Every structure is written in C-alpha cells, then in structure tokens.
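Here the structure comes first, spelled out in structure tokens, and everything after it is commentary.
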There are 2 protein chains.
Amino acid sequence: MRPPSEPLAPTLSRTAQLAERLGRDIRDGKMRAGTRLPTEQELIARFRVSRTVVREAMASLRAEGLIVSRQGAGVFVADDTVSRPFRIVSDELRSLVEVENVLQLRLAVEVEAAAIAAERRSTADLRLIRGCLDRIDEAIARDEAAIKEDLAFHCAIAEATGNPYFERFMQFLGPVIIPRQTIRLGLETAAERRAYVGLVQSEHRRIYAAVRKGDRDEAQRCVRQHLEAARDRYRRLVASQSPFEEG
Amino acid sequence: MRPPSEPLAPTLSRTAQLAERLGRDIRDGKMRAGTRLPTEQELIARFRVSRTVVREAMASLRAEGLIVSRQGAGVFVADDTVSRPFRIVSDELRSLVEVENVLQLRLAVEVEAAAIAAERRSTADLRLIRGCLDRIDEAIARDEAAIKEDLAFHCAIAEATGNPYFERFMQFLGPVIIPRQTIRLGLETAAERRAYVGLVQSEHRRIYAAVRKGDRDEAQRCVRQHLEAARDRYRRLVASQSPFEEG
DNA sequence: AGGTTCAACTTGTCTTATAACATTGTGATA
DNA sequence: TATCACAATGTTATAAGACAAGTTGAACCT
C-alpha cells in the first residue's frame with residue numbers, strides 16, 4: 001500500500017550537496033562576478049567527488065544562471081546584473097517552520113497591499129473583491145473547501161492596489177501555498193469544514209469592510225490578524241495530524 | 001584577468017539543447033505532473049547523445065524544479081506546485097511609475113522585515129548590521145556612492161529576521177534596484193553626493209537603533225520613512241535630469 | 001492466498017579516454 | 001622591433017563502460 005507521493009529521500013545527492021555549497025558561496029558574494037571557479041580537477045580533489053558529480057553540479061548552477069562556462073577557458077561567476085528569479089521550491093516546504101516562513105513573507109506583502117488598496121481602490125475593485133466573497137460563500141454552500149476562491153480574494157486585494165507587482169507576487173505565491181491549504185480537506189466532518197471556512201470568511205469580510213471604508217490602518221490590522229490566525233490554525237492542524245500525513 | 005565579455009557562443013551545447021527541448025515539453029504541458037520521463041538509455045538512443053549529456057540536462061531541469069528523480073524508479077515531471085518563478089525584468093523598469101511600484105513592493109517586505117528583526121535579532125545580527133553601517137561610512141569617506149554597501153545593510157536587516165525568505169527576496173531585489181541607484185552618480189559634485197549619502201546614512205542609523213532597541217513599531221516607522229524618502233529623492237532626481245538620461 | 005526472494009531495471013557515482021576550444025609563449029619572418 | 005604562425009598546455013564538452021544503490025514486479029514457496 002504505497003502512497004503515490006514520493007517520500008523524498010532525506011539524504012541529498014552529492015551533486016545536490018555540491019551545487020548547494022557552491023551556489024551559496026556565489027550568492028553570498030564570496031566570489032565576485034567574473035571570477036573564475038576552480039577547475040573540475042581541483043573541485044574533484046577538494047571535495048573528493050567524481051567528475052560526474054562536479055559536472056552535474058555545474059549544470060545545475062548554470063541552469064540557475066549563477067555561472068557561465070566557456071569551453072577551454074573555464075567556468076566563471078555570472079554577471080550579477082542579470083536579475084535572478086525569485087523562486088520557492090516546494091521541496092523546501094517540508095517542515096512546518098518553512099511553511100511559516102513563507103507565510104510570514106506573504107503577510108508582509110499582504111498587509112501593505114491591504115493598506116494601499118484601502119487608499120486607492122476603485123469601485124470596480126470593490127465590486128471584484130465583493131464578487132470573490134460571494135464565490136466563497138457559494139463554495140461554502142456547496143460544502144467545498146473554497147481553496148481557490150480564497151486565493152482569488154487575496155489576489156483581488158492585491159489587484160486593488162493598482163500596483164501590478166503586488167498582484168504578480170500573490171499569483172506567484174498561490175501555487176506555493178495552495179498545496180498546504182489542502183489540509184482543510186483533512187477536516188473530519190463537513191460541518192467542521194464548514195465552521196472552519198465560515199470563520200475564515202468572517203475575517204475576509206472585515207478586511208473587505210476596511211478596504212471599502214478606506215481605513216488604511218484597519219485594513220492592515222485585519223489582514224495581519226487574518227494571516228496570523230491562518231498560521232495558528234495551520235499549526236494546530238499539523239499538530240493534530242500524524243506527522244506522516246503532513247504536507 | 002580578462003574583462004568578462006563573453007560573446008555568448010552561437011552554438012548551444014548538446015546539454016543545453018536537450019534541456020531546452022525537454023524543458024519546453026514539460027512547460028507546455030505535454031507531460032502531466034507525475035508522468036515518468038523516458039529512461040536515460042531511451043533518451044540516449046532517441047537523441048543520439050551520451051549519458052553525460054542526458055544526465056547534465058536532467059541536472060538542469062532538476063535545478064529548475066521541473067523534474068524530480070528517484071534512484072531506481074525513474075525521473076518524473078514535478079507537480080506544478082513548483083510555481084513559475086517571480087521575476088522582474090529590468091526592461092520593465094523604464095518608467096518612473098514602474099520603479100516606484102517595485103519600490104513599493106520592496107517597502108512592504110522591508111517594513112515587516114524590520115519589525116521581525118527588532119523582535120528576533122541576535123547580537124551577532126546586530127554586529128553584522130553595525131558592520132554594514134561602518135562600511136557605508138568608509139565608502140562615504142572615500143567619496144563613493146556606497147551603492148553596494150547600502151544594499152548590504154538592507155540585506156543584513158532581512159537576514160536578522162531569521163527567515164531566509166526575507167533575505168532571499170532582498171538579494172533578489174538587489175540587482176533590480178541597484179541600476180536605478182546609479183543615479184546617485186549623476187550628482188554633480190562630490191560634496192553634493194556626500195550630503196546625499198550622509199542623509200541616507202542618518203536614516204540607516206535610526207533603523208539600526210530601533211532594531212537594537214527591539215522596538216518593533218519604531219523600526220517599521222523608520223524603514224517606511226527611509227524608503228519613502230528614497231522614493232521622493234528618486235523622483236526629484238529624475239525630474240531634475242534630462243529625461244534621456246533617466247535610468 | 002499471502003508473504004518472500006530474486007532478477008531485471010533505473011538512477012547515482014566513479015573512472016578513463018578523446019574531442020573541441022582557449023590561452024600563452026616561442027620563434028620565424030618581415 | 002613588431003607581428004604573425006603555431007605548437008604546447010590546460011580546460012571544458014562529450015563519450016563509453018563499470019559498479020553501487022535503490023525500486024519494482026514477477027516468480028516462487030509455504
């Protein structure tokens with residue numbers, strides 16, 4: 001009886017370890033842009049690994065844009081003016097702490113987004129946000145977990161800032177946090193789930209009211225309270241479930 | 001040492017070609033999440049390349065989070081929970097509005113980061129931040145613009161949160177905002193630049209003091225004031241310069 | 001039927017060899 | 001002297017083969 005999800009072996013491959021190590025050195029700025037990395041042979045000798053491992057680690061770093069290699073000349077630290085993408089790999093989120101860290105970053109962005117939205121929201125924005133609330137209500141009526149509708153609400157707030165980067169950031173974060181939300185599905189009874197989502201929805205309504213009122217500080221307080229409550233709920237649910245079932 | 005002006009070889013390596021090909025297939029959704037990729041031997045036969053090339057291409061895709069491999073079982077398309085990376089292309093930032101939008105997102109993250117840092121900073125963190133301030137002072141003494149040192153200070157605050165995502169976000173934002181900072185160099189006289197950077201530095205000191213005190217709200221206020229002042233300074237400088245010179 | 005063992009398969013790592021390319025120094029030549 | 005051709009050397013790119021470690025499923029036994 002094997003769950004189709006791979007348990008992701010706790011031991012990192014040598015390739016991954018070496019890539020991690022070298023990547024950190026570069027990111028930390030220990031090697032300036034244009035600096036030549038040690039040759040393959042030197043890395044083989046220094047880290048006691050095979051050439052395969054060295055080359056695959058290099059391939060990883062090259063894919064990340066951290067290095068460029070020139071046949072015959074060597075491997076060089078890439079020019080740091082090329083903006084490296086911000087990326088959150090879901091493999092990183094196996095521990096509760098990591099999930100909370102991401103949620104904390106999300107809170108930072110959403111708290112400010114709500115404040116800006118309260119200042120700048122148009123009536124069209126309000127209508128959109130209101131529509132999201134309605135769709136959550138409908139999902140609740142259908143006894144669903146309303147996970148996507150929930151995210152849509154938060155994205156609508158971000159959109160109301162008029163700053164596309166807030167919206168893009170929330171949409172970027174969506175796929176990262178949604179899998180964690182499936183924990184809602186673990187709630188035993190439909191009534192329980194209903195109560196859970198209903199509580200969340202009441203918090204959403206307070207946020208909406210503050211944004212509509214144009215009350216900057218109130219909007220910030222509500223979002224902070226909402227996301228901290230979400231964090232606490234997540235903690236409790238993880239604690240109550242078997243650690244083996246944890247997402 | 002040679003200036004790192006790589007002409008970017010027109011011929012892509014076989015590894016790059018294969019990674020490109022497979023990566024596109026996955027991104028286009030031709031293979032659903034969880035699907036098993038062909039085995040190394042099959043890829044070797046199909047594309048007439050060596051195992052080295054196949055494995056390095058796989059290493060690239062793994063680094064991008066597109067695939068996960070399990071020793072003995074095979075290589076699988078990663079579930080789409082690995083979000084598309086968040087990326088800000090410098091080309092987007094040609095208008096003042098765009099720069100301000102990015103700065104606003106940065107402000108959101110930094111304001112919260114300062115608050116968390118005020119709560120959690122260790123003495124080691126404080127020492128690091130303090131060191132950043134000193135390096136800025138030294139740069140000022142050398143009549144430099146202290147652009148990198150400035151960024152390092154902000155990254156140090158983010159690092160003091162203990163939340164690696166804040167630090168990563170700031171490091172991600174660094175290359176995006178640094179080119180805009182070169183406007184500092186446009187200041188006419190050294191004395192002018194000195195006054196500019198000195199003003200910035202006094203704001204940095206207030207942030208540092210608040211974090212050291214552990215005053216959450218004060219830290220937030222100082223960072224917000226600092227970044228809003230930075231925005232205003234940027235506006236004025238852009239306005240005073242010829243639009244053709246605008247970064 | 002249920003559990004065990006084992007053989008085949010797959011990825012991870014190591015090793016060696018060769019090709020392609022870059023860099024540098026040497027020396028011939030004008 | 002200055003410049004170009006070219007060989008020597010070092011580096012990455014690619015190939016090929018071997019073994020280790022892990023997975024899977026089917027044959028086998030009780």
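We name chains A, B, ... by the order of the sequence lines, and we start the count at 1 in each one. Since the structure is predicted, the reported quantities are computational estimates derived from the model, not experimental observations.
Regarding A/Q17, its CD atom lies at a distance of 13 Å from the C1' atom of C/dT13, rounded to whole Å. Between the CD atom of B/E40 and the C1' atom of D/dA18 there is a distance of 14 Å, given to the nearest Å. C/dC9 atom P lies 12 Å from atom CD of B/E42, rounded to whole Å. Atom CZ in A/R70 sits roughly 8 Å away from atom C1' in C/dA22 (whole-Å rounding). The distance from atom CG of B/L18 to atom P of D/dT14 is 10 Å, rounded to the nearest whole Å. Atom CZ in B/R48 sits roughly 16 Å away from atom C1' in D/dA16 (whole-Å rounding). One interatomic measurement links the two molecules: CD1 of A/I44 to C1' of D/dA13, which rounds to 14 Å at whole-angstrom precision.
In this structure, B/S60 contributes its side chain and B/E56 its backbone to a donor-acceptor pair below 3.5 Å. Of the possible donor and acceptor atoms, one in the side chain of B/Q201 sits under 3.5 Å from a partner among the backbone N and O of B/L133. For the pair B/R62 (side chain) and B/I67 (backbone), a donor-acceptor distance under 3.5 Å is absent.
Applying side chain to side chain donor-acceptor pair (under 3.5 Å) to A/N163 and the options B/E100, B/E98, B/Q104 leaves one that passes, B/Q104. Under the side chain to side chain contact (heavy atoms under 4.5 Å, CB included) rule, A/V54 has a single partner from A/R14, A/R46, A/E40, which is A/E40.
Relative to the six-membered ring of A/Y196, A/R233 meets both conditions, a distance below 6.0 Å and an angle of at most 45° to the axis.
The phosphate of C/dG12 (OP1 or OP2) has no side-chain N or O of A/T15 nearer than 4.0 angstrom.
Salt-bridge formation is not detected for the pair A/R135/A/E149: no Lys NZ or Arg NE/NH1/NH2 atom is positioned less than 4.0 Å from an Asp or Glu carboxylate oxygen.
Between B/P38 and A/F76, it is B/P38 whose nearest contact on DNA chain C lies nearer the 5' terminus.
Distance from the side chain of A/R14 is smallest to C/dC14 among C/dC14, D/dA13, D/dA15.
For B/Q41, there are no side chain to side chain donor-acceptor pair (under 3.5 Å) partners two or more places apart in sequence or in a different chain.
The stretch residues 50-59 of chain B touches DNA chain D through B/S50, B/R51, B/T52, B/V53, each having a heavy atom within less than 4.0 Å of the strand.
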Distances under 3.5 Å between protein N/O atoms and the N/O atoms of nucleotides 6-10 of chain D, please, pair by pair.
| residue | atom | partner | partner atom | Å |
| --- | --- | --- | --- | --- |
| D/dG10 | N2 | A/G72 | O | 3.0 |

With salt bridge (Lys or Arg N to Asp or Glu O under 4.0 Å) as the test, would you mind laying out the steps for A/D232 and A/R236 before giving the verdict? CA-CA 6 Å; A/D232 293 340; A/R236 278 198 298 275; 5.5 Å; no

